Chemist: 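This is the structure, below, for whatever I ask next.
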Amino acid sequence: MPYRVHLFSLRIAHAFRETCLSGEYNLLQLRKDLLAGLSVGIIAIPLAMALAIASGVAPQHGLYTAIIGGFVIALCGGSRLSISGPTAAFIVLLVPITSQYGLVGLLLTTFVAGIILVMMAILRLGRFIEYIPESVVLGFTCGIALVIAILQVKDVLGLPLASLPDEFIHKIPVLLTAIPDMHWPSLLVAAVTLFIMIVWPRLRLPLPGHLPALVVASVLAFAMHQAGFATDTIGSRFSYALADGTVGMGIPAAIPTFQWPWQHVDKVWQALTFDWQLVKTLLPAAFAIAMLGAIESLLCAVVLDGMSGQRHSANSELLGQGIGNMIVPFFGGITATAALARSAANVRAGAVSPLSAMFHSATVFAALLMLTDLLNFVPMAAMAALLLVVAWNMSEAHKAIQLVKTAPRTDIWVFLTCFLLTVALDMVIAITAGILLAAMLFVKDIAEMTKITDITQSKRLVNSPLPDGWSVFKINGPLFFAAADRIFAELSTLCEDHKGFVLYLDGVTILDAGGLAALNKLISQCQRKQTQIYIADLQFQPLRALAKAGVKPIAGVLTFYSSLADALDNLADIKRMDSALPELNKI
């Protein structure tokens, strides 16, 4: 087709081309996408602001992320119905970056993470994300949810704290010490917001609960302000300074403009020099952001496939996420990825193509230009309450409880390790340790599946007597680095005084370098002891590995047979010859 575009065999804009440029897209579908985009855009406006605030930056940067990131990722990605923007999962990663390097460092880290995501797509690693076990994902998801909830306590209670310590273990005593100074109007606003958001779903109305909750909270905060009980709002906490010299409070009613990420300047942090040393400093956090973004976006795409009956392109989705995160920092946006709650709402609203996500971005853009005066009245306590609900939903506590009750012990340990490391240290360590621990436990479980069995007495497999000093052993399972040494050491012990033995390997599917090394060690031992080895029934991969390594028959030591029957026939001949020797000696 003439509209096909490729990058290193990757299909750019895979989802957009499959739907909107397929020739089957019509006005009815366009109308569905428009209505879905409007609905999700309305949902995204307060969430984008709240998530930006929770990440340590001004609310407009969350709106910029939904506008630019949401549009670019929808255009370039591989999932038809995903809605991308700021998400709660990133808060734990972004807050330490913002506190240490400010907005500038956060934008640069996002840009580097985008490059890593594009590299992952080029290397076609999209499907490998599916191999990350649920215990790892649930572990750091629950950890993130707990940290997000703790971060909201300050604004929910209206505590007079300028900031919180970076370490979780130090946050708790600071919050507990400040509780006697809580601000009851802020607590009232937060309580009303929570109450409406909890009760609203029972009404079964199409309008999402957080919108009426924020409207009621804003009206309540305004009424209390008129009565002399002021609460902190977006307009009172945040200020801005535009390039033309305009200074104001709250959110600027201005479009995001292009600017080099490393030259963003605010009151605290000055522009940084973009060099290799800075990249090396930010690289661990960028890698963690890329990994989390890949996991979250692809898991979201899988869930949407189940809801819609469609299929996504994993590597194209990674490519879209990478391109989006490389572009969004140039317009003041922070890290973006697919958001499951907004994407699910998009499906339920009737979306059929990535155009719905683009309309969602346009809706947020319109709100930025026309509704900033109203958005500035939203209380900070209400935003914090909104994030408490988001944290609870993302924790998937029911799944975590089910895992602890029913999963094997190793999965429980992986879950607890990821959870505790996320809470006590940070996401970089939690993701790395969780994946490594899960991989090691998986290798251990697979290695334990490889068994060696003495089948000499099996009438079904060994149907004729063997010569004295001979046995037949069957190996089942992969002979790889974690299993081969144990298997061949056990075999060496079993055959200590044998003249020879048959290795029946039809159950061995994999032979890696570690398995080859262990086999060569066994062959050398047998050569010294003058013990013969018959290897029978090799599958294709082990046979190819032996041929590539140059392992050849050794006269009087190592012989290969295409089947166990051939090896046993040769042993039967040897036994007949051994039986005939006494008669020949008599002659």
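Since the model is a prediction, treat every value here as computed from it, not as a measurement. We're numbering straight along the sequence, starting at 1.
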Chemist: Do E317 and S297 have a side chain donor and acceptor closer than 3.5 Å?
Modeler: no

Chemist: Ignoring hydrogens and geometry, is there a side-chain-to-backbone donor-acceptor pair from D512 to F481 under 3.5 Å?
Modeler: yes

Chemist: Indicate yes or no: does K474 engage D454 in a salt bridge with an N to O separation below 4.0 Å.
Modeler: no

Chemist: Quick one: does E296's side chain get under 4.5 Å of L299's, heavy atoms only?
Modeler: no

Chemist: Does the side chain of D537 pick up a donor-acceptor pair with the side chain of S563 at under 3.5 Å?
Modeler: no

Chemist: Are S82 and S343 linked by a side-chain donor-acceptor pair shorter than 3.5 Å?
Modeler: no

Chemist: From L47 CG over to I43 CD1, what is the distance, rounded to the nearest 0.5 angstrom?
Modeler: 8.0 Å

Chemist: Evaluate N325 against F111 for side-chain contact (heavy atoms from CB on, under 4.5 Å), listing each step before the verdict.
Modeler: CA-CA 6 Å; N325 280 284; F111 177 74; over 6 Å; no

Chemist: Any sub-3.5 Å donor-acceptor pair from T493's side-chain atoms to A489's backbone N or O?
Modeler: yes

Chemist: Please identify which of these residues, I295, V92, V423, T417, meets the side chain to side chain contact (heavy atoms under 4.5 Å, CB included) condition with F140.
Modeler: I295

Chemist: Parallel under 30°, tilted from 30 to 60°, perpendicular over 60°: which one fits the rings of F473 and H498?
Modeler: tilted

Chemist: For a side-chain contact (heavy atoms from CB on, under 4.5 Å) check, start with the C-alpha distance between Q532 and W470, then their side-chain angles and the critical distance, and finish with the verdict.
Modeler: CA-CA 9 Å; Q532 293 191 62; W470 280 81; 3.7 Å; yes

Chemist: Would you find a donor on one side and an acceptor on the other, under 3.5 Å apart, between the side chain of T337 and the backbone of G293?
Modeler: yes

Chemist: Verify, without hydrogens or angle tests, whether S79 (side chain) and H312 (backbone) share a donor-acceptor contact under 3.5 angstrom.
Modeler: no

Chemist: Decide yes or no on side-chain contact (heavy atoms from CB on, under 4.5 Å) for K444 and E448, but give the supporting numbers first.
Modeler: CA-CA 6 Å; K444 172 180 172 293; E448 290 177 351; 3.0 Å; yes

Chemist: So, does Q541 use its side chain to make a donor-acceptor pair with the main chain of L511 at under 3.5 Å?
Modeler: yes

Chemist: Kindly say whether S55 contributes a backbone atom to a donor-acceptor pair with the side chain of T98 at under 3.5 angstrom?
Modeler: yes

Chemist: Is it true that a side-chain atom of S316 and a backbone atom of S313 form a donor plus acceptor pair closer than 3.5 Å?
Modeler: no

